[in-house]
Amino acid sequence: HWQHRPCSNGCRAVNQVAPHGAPHLGATGPNILSYLLSSIPSVRSSFCVGRGQRIRKVPDNPDQSLPQAAALQSLMITIRSARSTDIPFLIRFNQALAAETEDQKLSAIILDRGIRRLMDHPEFGFYIVAVSDGEPSAPVGCTMVTYEWSDWRDGVIWWIQSVYVDRSWRSRGVFRSLLTHLESRARSDSDVRGLRLYVDDRNDRAHRTYDRLGLEPASYSVRQKLF
């Protein structure tokens, strides 16, 4: 059955709980720890969206789950603005993104300059990162936003770029959390008219992900002349 409970972020969390009065994942104290350690597979999922945080699904098969004693800690994601201490991660993520999607090798020196310049000039855009509560100083995903002025709409379009999630964190809702955070932030700014991104035609997995998240194909193609 389903239980509704308030969470510390002021949102409402929904828990599916095991039958016969087994504790739900919102419980605290030794009872929930004992319950997790017992590896009862009938708990299905719990999630909470609020202030950029999300709890992901606990696998039905305990053999495929993380060690139960650390499971709860490893399932919380927080979205925050990038800091200068995140730059090594942002460099590595961008290099991996270019290699995986376009078979390109990016210069760490140029990336370092480019990321630092963006951070020094917020009028260009901004980075956000996803971190786990277990390692708040070690991002597991990132994206960058740059701005396009639209005279047709008398406002700004936010372009989502440099999207990357660490391989070990994929299919855990990290990008969904990043996108949810961005959309909430954009909607709270009266000058923002929407979100856009471009994706390589050959990146089928990205297309499927964006379709699921409601990012619709546009009727435009991209042309360029790079210098």
Side-chain angles (χ1 to χ4, degrees), residues 51-54 73-74 76-150 156-186 188-189 191-192 194-207 209-210 213 215 222-227:
R51 299 185 184 177
Q53 297 182 337
R54 182 177 180 84
Q73 182 184 44
S74 66
M76 181 71 81
I77 288 295
T78 300
I79 308 302
R80 60 167 172 78
S81 297
R83 307 163 182 161
S84 59
T85 52
D86 299 323
I87 290 176
F89 293 93
L90 298 177
I91 291 173
R92 179 168 63 84
F93 288 167
N94 274 284
Q95 288 179 316
L97 174 64
E100 291 177 24
T101 62
E102 301 183 26
D103 196 27
Q104 289 193 41
K105 185 176 181 179
L106 300 184
S107 163
I109 295 174
I110 294 176
L111 280 170
D112 183 80
R113 290 205 309 261
I115 294 167
R116 290 182 186 277
R117 186 186 288 196
L118 183 78
M119 289 184 173
D120 290 342
H121 293 273
E123 68 272 18
F124 294 166
F126 59 89
Y127 263 106
I128 59 172
V129 296
V131 297
S132 73
D133 281 7
E135 294 185 88
S137 61
V140 299
C142 71
T143 191
M144 177 181 73
V145 167
T146 57
Y147 308 126
E148 172 195 345
W149 178 257
S150 173
V156 177
I157 304 294
W158 280 10
W159 277 87
I160 302 172
Q161 302 186 57
S162 300
V163 177
Y164 191 78
V165 176
D166 188 89
R167 282 183 177 274
S168 62
W169 280 87
R170 292 177 189 175
S171 300
R172 299 193 191 185
V174 174
F175 178 65
R176 181 185 292 274
S177 295
L178 287 163
L179 182 62
T180 299
H181 174 92
L182 277 182
E183 183 172 351
S184 175
R185 184 167 166 178
S188 69
D189 188 328
D191 280 333
V192 180
L195 305 173
R196 280 181 177 156
L197 57 79
Y198 56 84
V199 56
D200 193 298
D201 288 337
R202 300 162 293 182
N203 195 339
D204 293 333
R205 178 175 180 174
H207 281 285
T209 298
Y210 299 147
L213 296 178
L215 291 163
V222 177
R223 305 294 180 92
Q224 66 182 14
K225 183 181 288 186
L226 299 178
F227 306 109

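Throughout, numbering of the chain's residues begins at 1 and tracks the sequence.
- Rounding to the nearest 0.5 Å places CD1 of Ile115 at 5.0 Å from CD1 of Ile91.
- Counting heavy atoms from C-beta outward, Arg185 and Val145 have side chains that stay 4.5 Å or more apart.
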Run the numbers on Arg205 and Glu100 for salt bridge (charged side-chain N to carboxylate O under 4.0 Å, His left out), then give the verdict.
CA-CA 12 Å; Arg205 178 175 180 174; Glu100 291 177 24; over 6 Å; no

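- The nearest pair of heavy atoms linking Asn94 to Ser162 is OD1-OG, 3.2 Å.
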Working for salt bridge (charged side-chain N to carboxylate O under 4.0 Å, His left out), residues Asp86 and Arg80
CA-CA 11 Å; Asp86 299 323; Arg80 60 167 172 78; 2.8 Å; yes

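- The minimum heavy-atom distance between Ser132 and Trp169, with the atom names listed, is CB-CH2, 3.7 Å.
- When all heavy atoms are compared, the tightest approach of Ala130 to Ile79 is CB-CD1, 3.6 Å.
- Residue pairs satisfying the salt bridge (Lys or Arg N to Asp or Glu O under 4.0 Å) criterion with at least one member in residues 114-132, sequence neighbours excluded, are listed as follows: Asp112-Arg116.
- Going from atom CZ of Arg176 over to atom CD1 of Ile77 covers 14.0 Å, rounded to the nearest 0.5 Å.
- Rounded to the nearest 0.5 Å, atoms CD (Gln161) and OG1 (Thr146) are 3.5 Å apart.
- Residues Asp166 and Val174 are not in side-chain contact: their nearest non-hydrogen atoms beyond the backbone lie 4.5 Å or more apart.
- The aromatic rings of Phe126 and Trp158 lie perpendicular to each other, with more than 60° between the two planes, well past the 30° mark.
- Looking only at side-chain heavy atoms (C-beta outward), Leu197 and Tyr210 come within less than 4.5 Å of each other.
- To the nearest 0.5 Å, atoms OH (Tyr164) and CD (Gln95) are separated by 10.5 Å.
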Phe89 and Val129: CA distance, side-chain angles, deciding distance, side-chain contact (heavy atoms from CB on, under 4.5 Å) verdict:
CA-CA 10 Å; Phe89 293 93; Val129 296; over 6 Å; no

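- A donor-acceptor contact shorter than 3.5 Å links the side chain of His207 to the backbone of Asp200.
- Rounded to the nearest 0.5 Å, atoms CH2 (Trp159) and CZ (Arg196) are 6.0 Å apart.
- Contact detail for Ser137 and Pro139: the closest heavy-atom pair is O-CD, 3.5 Å.
- For Val131 against Pro136, the heavy-atom pair with the smallest separation is CG1-O, 3.5 Å.
- Residue Phe124 places its CZ atom among more than 12 non-hydrogen atoms of other residues, nucleotides or ligands, all under 6.0 Å distant.
- The closest donor-acceptor contact from the side chain of Ser184 to the backbone of Thr180 lies at 3.5 Å or more, if one exists at all.
- Enclosure of atom CD in Glu148 by more than 12 non-hydrogen atoms of other residues, nucleotides or ligands within 6.0 angstrom is indicated.
- Residue Leu195 holds its CG atom at 4.5 Å from CD1 of Ile160, rounded to the nearest 0.5 Å.
- Under the 4.5 Å side-chain criterion, counting only non-hydrogen atoms from C-beta, Leu97 is not in contact with Val163.
- Of all heavy-atom pairs spanning Ile128 and His181, the tightest one is CD1-CD2, 3.8 Å.
- By the 4.5 Å heavy-atom criterion applied to side chains, Val156 and Trp149 are counted as neighbours.
- No donor-acceptor contact under 3.5 angstrom links the side chains of Asn203 and Thr101, judged on distance only.
- No donor-acceptor pair under 3.5 Å is formed between the side chain of Asp189 and the backbone N or O of Ala186.
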